[in-house]
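Would you mind keeping the following structure in view while I ask a few things?
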Amino acid sequence: MRVVVTGTPGTGKTTAVEHLDLDQFDTDFEVIHLNDVIRERNFTTGRDEDRDSLVADLDAVAEWLDGHGDAIVESHLAHEFDADRVVVLRCTPEEIERRLNERGESAGSARENAESEALDVVLGHAVQNHGEERVYEIETTDRTPEEVAAEIEAVIAGDREPSAGTVDYMEYL
Ligand code: ADP
């Protein structure tokens, strides 16, 4: 089984996945931090000069992922790949901007990601690629990483119903 954890940068994917207790499952899941894999293996097609970031080679990443078995795959690109379940972490745009500024990102990048979150960009792509029946939206704003991890564990265990479109941050625009 492949569970992908996606969401706008700053929603807390890396942190939440690090708090998962995977020993409770019979399946031996590998945790994959996909952005690290893309960087380390140079799965890139070039550079986006406007955003000062690398452009991922999605075909190369997909092929690499297919060589792996049961996995929890975390990245803001994770919804671009095949998955049995798609977790979309959500966070208010204000809090995303605060977290990204605190993490030392440029003000422009923090603002751009906050606006993207307000527009449901990642959720929209996740539903488009996988259908609502595979998507699980999780609100993280006032939750600890442990609480978010527990929600993801419930998705992995099959204890949660799919949910998409339950979060609305349009008022922040
Ligand atoms: P992502 O992987 O989605 O970009 P990170 O896990 O790197 O997000 O978290 C972004 C920032 O927000 C980090 O500085 C992290 O410490 C902080 N953070 C992550 N999860 C939470 C949370 N549940 N509550 C408050 N701060 C958080």
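Atoms within a ligand are numbered from 1 in the order they appear, just like the ligands themselves. Since the structure is predicted, the reported quantities are computational estimates derived from the model, not experimental observations.
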Thr144 heavy atoms within 4.0 Å reach ligand 1 at atoms 23 (N)

heavy-atom search around atom 26 (N) of ligand 1 in the protein gives Arg99 NE, 3.6 Å

message = Please determine whether side chain to side chain contact (heavy atoms under 4.5 Å, CB included) holds for the pair Glu74 and Val31, giving the CA-CA distance in whole Å, both sets of side-chain angles, and the decisive distance to 0.1 Å.
response = CA-CA 8 Å; Glu74 167 274 315; Val31 172; 5.9 Å; no

Problem set entry | Single-linkage hydrophobic cluster, 4.5 Å side-chain cutoff, Met1 and Ile72 together |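 Met1 clusters together with Ile72.
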
*Walk me through it: do Asp48 and Ser53 pass the test side chain to side chain donor-acceptor pair (under 3.5 Å)?*
CA-CA 5 Å; Asp48 181 338; Ser53 63; 4.7 Å; no

**Prompt:** Any non-hydrogen atom of Arg103 lying under 4.0 Å from ligand 1?
**Reply:** yes

Thr45 and Ala56 have their tightest heavy-atom pair at OG1-O, 4.2 Å

Can you name the atoms of ligand 1, numbered from 1 with element, that are less than 4.0 Å from a heavy atom of Arg143?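 This gives 22 (C), 23 (N), 24 (N) as the contact atoms.
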
Which heavy atom in Glu153 sits nearest to a heavy atom in Phe25, and how many Å separate them?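 Scanning both residues completely, I find the closest heavy atoms to be O-CZ, 3.6 Å.
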
Around atom 16 (O) of ligand 1, find the nearest protein heavy atom and jot down its residue, atom name and distance.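 For atom 16 (O) of ligand 1, the nearest protein heavy atom comes out as Thr15 OG1, 4.4 Å.
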
Closest protein heavy atom to atom 3 (O) of ligand 1, given as residue, atom name and distance to 0.1 Å: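 Answer, as residue, atom name and distance: Lys13 NZ, 2.7 Å.
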
* To do: Answer yes or no: does an N/O atom from Thr14 fall short of 3.5 Å to an N/O atom of ligand 1?
  => yes

Atom 4 (O) of ligand 1 has as its nearest protein heavy atom Gly10 N, 2.9 Å

**Message:** Would Gly12 count as being in polar contact with ligand 1, using the rule that some N or O on each side must be under 3.5 angstrom apart?
**Reply:**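 For ligand 1, there is an N or O atom that lies under 3.5 Å from one belonging to Gly12.
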
### Task
Output yes when the distance from some N or O of ligand 1 to some N or O of Thr140 is under 3.5 Å, and no in every other case.
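Min N/O separation from ligand 1 is not below 3.5 Å for Thr140.
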
Check: Going by the order shown, which atoms of ligand 1 are within less than 4.0 Å of some heavy atom of Thr11?
Finding: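 Matching atoms, with element in brackets: 3 (O).
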
query: Taking NZ, NE, NH1 and NH2 as the nitrogens, is one of them in Glu95 or Arg98 under 4.0 Å from a carboxylate oxygen of the other?
result: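 Between Arg98 and Glu95 there is a salt bridge, with a charged N closer than 4.0 Å to a carboxylate O.
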
Nearest heavy-atom pair of Thr141 and Arg99: which atoms, and what distance?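 Shortest heavy-atom separation between Thr141 and Arg99 comes out as O-NH2, 3.9 Å.
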
Using a strict cut-off of 4.0 Å, indicate which atoms of ligand 1 neighbour a heavy atom of Pro9.
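Those qualifying, in numeric order: 4 (O).
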
For the student: nearest non-hydrogen atoms of Val88 and Ala126, plus distance
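Reported closest heavy-atom pair: CG2-CB, 3.8 Å.
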
